[in-house]
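Below is one structure; the comments refer to it alone.
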Amino acid sequence: RCCDPENTKKKFKEIIRTAPRNSDWTAFTDLFQYEGFWHSPRFLEGTLLAQELFQARPCDIILCSAPKTGTTWLKALTFAIMNRALCLDDSKNPLLLATPHECVPYLEVDIFQNKPNRYPDSPLLATHLSFDSLPNSVVDSDCKLVYICRDPKDVFVSLWHFIGNVRAKEEGYLFPLEKAFELFCQGASLNGPYWDHVLGYWKASLEFPKKILFLKYEDLKRETEFYLERLAEFVGHPFSASERREGAVEKIMQLCSFQNLSKLEVNKTGEYAIFSSVVVENSKYFRKGEVGDWKNCLTGEMKDRIDGITEEKLRGSGLTF
Ligand code: A3P
């Protein structure tokens with residue numbers, strides 16, 4: 001890794017010039033392979049800056065995920081847990097007025113790309129980086145990581161809709177399903193290969209269970225209360241008996257539910273600029289929020305192919321979907 005901040009730009013240019021490049025996501029972005037994972041150029045530049053400059057503090061909580069695995073939900077839940085007094089007061093609750101992405105900035109996007117940060121001192125950050133690409137200080141310090149993953153079939157379907165919708169000139173345009181599927185299976189998707197991303201954090205969570213909380217979207221859906229309590233404890237803000245009696249756990253669950261967040265005005269009509277040139281409607285982060293929607297999109301053959309890759313990649317790891 002580059003040791004001098006002055007070299008970061010040079011290194012970025014060099015990677016863009018020489019790294020394996022995939023231009024097949026034509027309607028979306030070219031992807032560049034760096035440290036085994038595929039990145040859009042802007043994310044890649046932010047990654048290099050983060051690797052170079054980010055100094056994690058022991059109090060930091062970093063929410064880690066591959067895209068489309070439930071990042072928005074995890075951001076909302078963790079933000080609400082850590083800013084409980086604010087979020088349980090309807091007159092002040094930031095989650096009623098801003099998308100969770102504005103409340104919890106991305107390490108490789110927001111922090112080093114001169115964007116105003118709503119909460120400059122907040123210990124809460126998010127990243128799509130793979131475990132091995134995290135800045136050294138994240139691994140070396142006592143900060144904590146929460147990782148969320150999801151059934152690869154639902155991740156793919158969610159990604160396919162998202163990519164189509166974000167870049168669509170006409171509402172409803174979708175990138176060809178078969179082509180997107182092939183790219184996803186080959187690992188050439190945003191922050192892919194998806195399976196390697198999951199495995200990196202899974203193995204690290206087994207090695208450092210006090211540092212990394214590993215969550216699955218499906219578990220969070222099925223037993224939201226249980227995992228919300230676990231998350232609160234892990235980030236050092238457990239619910240007290242009196243908070244429980246007063247319904248704080250249920251209120252946060254309800255506040256961050258798909259049904260509630262997706263119908264808020266800010267999430268129906270607002271926009272969030274990932275970069276100045278990439279503005280995404282907040283509604284694109286709230287599609288269906290269900291487990292198993294892949295059944296409406298994938299053929300039996302596609303299901304078998306993804307399940308086969310999952311089985312092969314995760315074999316022996318102790319992780320299943
Ligand atoms: P679907 O496209 O399957 O509906 P990410 O936040 O990582 O981009 O993931 C987006 C996925 O999470 C989308 O899945 C979206 O609908 C779902 N999602 C967003 N908010 C959610 C919430 N509060 N509860 C459950 N799922 C949510």
Side-chain angles (χ1 to χ4, degrees), residues 28 40 43 62-81 87 93 95-96 98-109 125-130 146-168 172 174-175 177 180 184 189-192 194 197-198 201 215-225 227-228 231 250-264 266-268 270-272 274 278 280-298 306 321:
F28 189 55
S40 70
F43 270 83
I62 306 184
L63 308 178
C64 311
S65 62
K68 303 296 125 202
T69 56
T71 318
T72 314
W73 190 17
L74 183 63
K75 282 185 173 186
L77 286 170
T78 319
F79 182 85
I81 287 170
C87 291
N93 186 352
L95 287 169
L96 300 180
T99 157
H101 294 289
E102 259 181 82
C103 297
V104 185
Y106 279 110
L107 177 59
E108 67 275 29
V109 179
L125 293 167
T127 183
H128 284 323
L129 288 180
S130 67
V146 181
Y147 185 71
I148 188 160
C149 65
R150 188 181 188 187
D151 181 332
K153 300 190 287 301
D154 280 334
V155 174
F156 165 69
V157 168
S158 185
L159 184 70
W160 172 60
H161 279 100
F162 183 77
I163 283 179
N165 278 329
V166 166
R167 274 300 163 99
L174 285 171
F175 190 82
L177 176 69
F184 185 81
S189 59
L190 271 184
N191 300 90
Y194 176 64
H197 202 282
V198 176
Y201 280 96
L215 297 173
K216 285 186 190 166
Y217 180 92
E218 293 76 15
D219 292 341
L220 202 52
K221 276 296 262 194
R222 205 182 47 245
E223 291 182 82
T224 311
E225 188 170 344
Y227 284 101
L228 180 55
L231 178 61
E250 287 79 8
K251 281 184 196 153
I252 290 181
M253 266 168 56
Q254 204 279 331
L255 167 68
C256 300
S257 67
F258 180 87
Q259 288 68 17
N260 187 57
L261 289 183
S262 61
K263 73 171 169 39
L264 296 176
V266 63
N267 292 324
K268 279 202 302 196
E271 291 179 338
Y272 170 66
I274 303 181
V278 183
V280 180
E281 292 163 37
N282 294 341
S283 61
K284 303 300 183 220
Y285 292 98
F286 301 92
R287 193 180 63 90
K288 283 194 174 178
E290 289 170 6
V291 171
D293 185 49
W294 61 265
K295 291 183 188 126
N296 296 314
C297 292
L298 302 189
I306 289 208
F321 282 106

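Numbers here simply count residues along the sequence, with the first being 1. When a ligand or atom number is given, it counts from 1 through the structure's own listing order.
By the 3.5 Å distance cut-off applied to N or O atoms, Thr69 is counted among the residues near ligand 1. Between Gly70 and ligand 1, an N or O atom pair is found at a separation short of 3.5 Å. Residue-to-ligand polar distances keep Phe286 apart from ligand 1: every N/O pair is separated by 3.5 Å or more. Considering backbone and side-chain N/O atoms, Glu290 never comes within less than 3.5 Å of an N/O atom of ligand 1.
Every atom of ligand 1 with a heavy atom of Lys288 under 4.0 Å away is listed here by number and element: 4 (O), 16 (O).
Of the protein's non-hydrogen atoms, the one nearest atom 6 (O) of ligand 1 is Thr72 OG1, 2.4 Å. In terms of protein heavy-atom proximity, atom 13 (C) of ligand 1 is closest to Ser158 OG, 3.6 Å. What sits closest to atom 8 (O) of ligand 1 on the protein, heavy atoms only, is Lys68 NZ, 2.6 Å. Distance from atom 15 (C) of ligand 1 to its nearest protein heavy atom, with residue and atom name: Tyr285 O, 3.3 Å. The nearest protein atom to atom 23 (N) of ligand 1, hydrogens excluded, is given as Cys256 O, 2.9 Å; this is a heavy-atom distance. For atom 22 (C) of ligand 1, the closest non-hydrogen atom of the protein is Trp73 CG, 3.4 Å. At the top of the distance list for atom 16 (O) of ligand 1, counting protein heavy atoms only, stands Arg287 N, 2.9 Å.
Here the closest heavy-atom approach between residue Leu255 and residue Ala80 is recorded as CD2-CB, 4.1 Å. The minimum heavy-atom distance between Leu261 and Ala76, with the atom names listed, is CD1-CB, 3.8 Å. The heavy-atom pair separating Ser158 from Lys68 by the smallest distance is OG-CD, 3.4 Å. The minimum heavy-atom distance between Asp154 and Gly292, with the atom names listed, is OD2-N, 2.7 Å. For the pair Asp151 and Glu218, the tightest heavy-atom approach, listed with the atom from each and the gap, is N-OE2, 2.8 Å. When all heavy atoms of Asn191 and Leu129 are compared, the closest pair comes out as ND2-N, 4.4 Å.
Under 4.0 angstrom from ligand 1, the non-hydrogen atoms of Arg150 all belong to its side chain. Contacts with ligand 1 closer than 4.0 Å are made by side-chain heavy atoms of Tyr217 only, the backbone lying farther away. Of all the heavy atoms of Ser257, the ones lying under 4.0 Å from any atom of ligand 1 belong exclusively to the backbone.
Aromatic ring orientation, Phe286 versus Phe258: tilted (interplanar angle from 30° to 60°). Below 30°, between 30° and 60°, or above 60°: for Tyr194 and Phe321 the angle between ring planes is between 30° and 60°, a tilted geometry.
Among Thr71, Val155, Asn267, the residue whose heavy atom sits closest to atom 7 (O) of ligand 1 is Thr71.
Each side-chain hydrogen bond (donor to acceptor under 3.5 Å, both in side chains) pair with one or both residues in residues 250-259, not counting sequence neighbours, would appear here, but there are none.
For Trp73 and Tyr217, the gap between ring centers is short of 6.0 Å.
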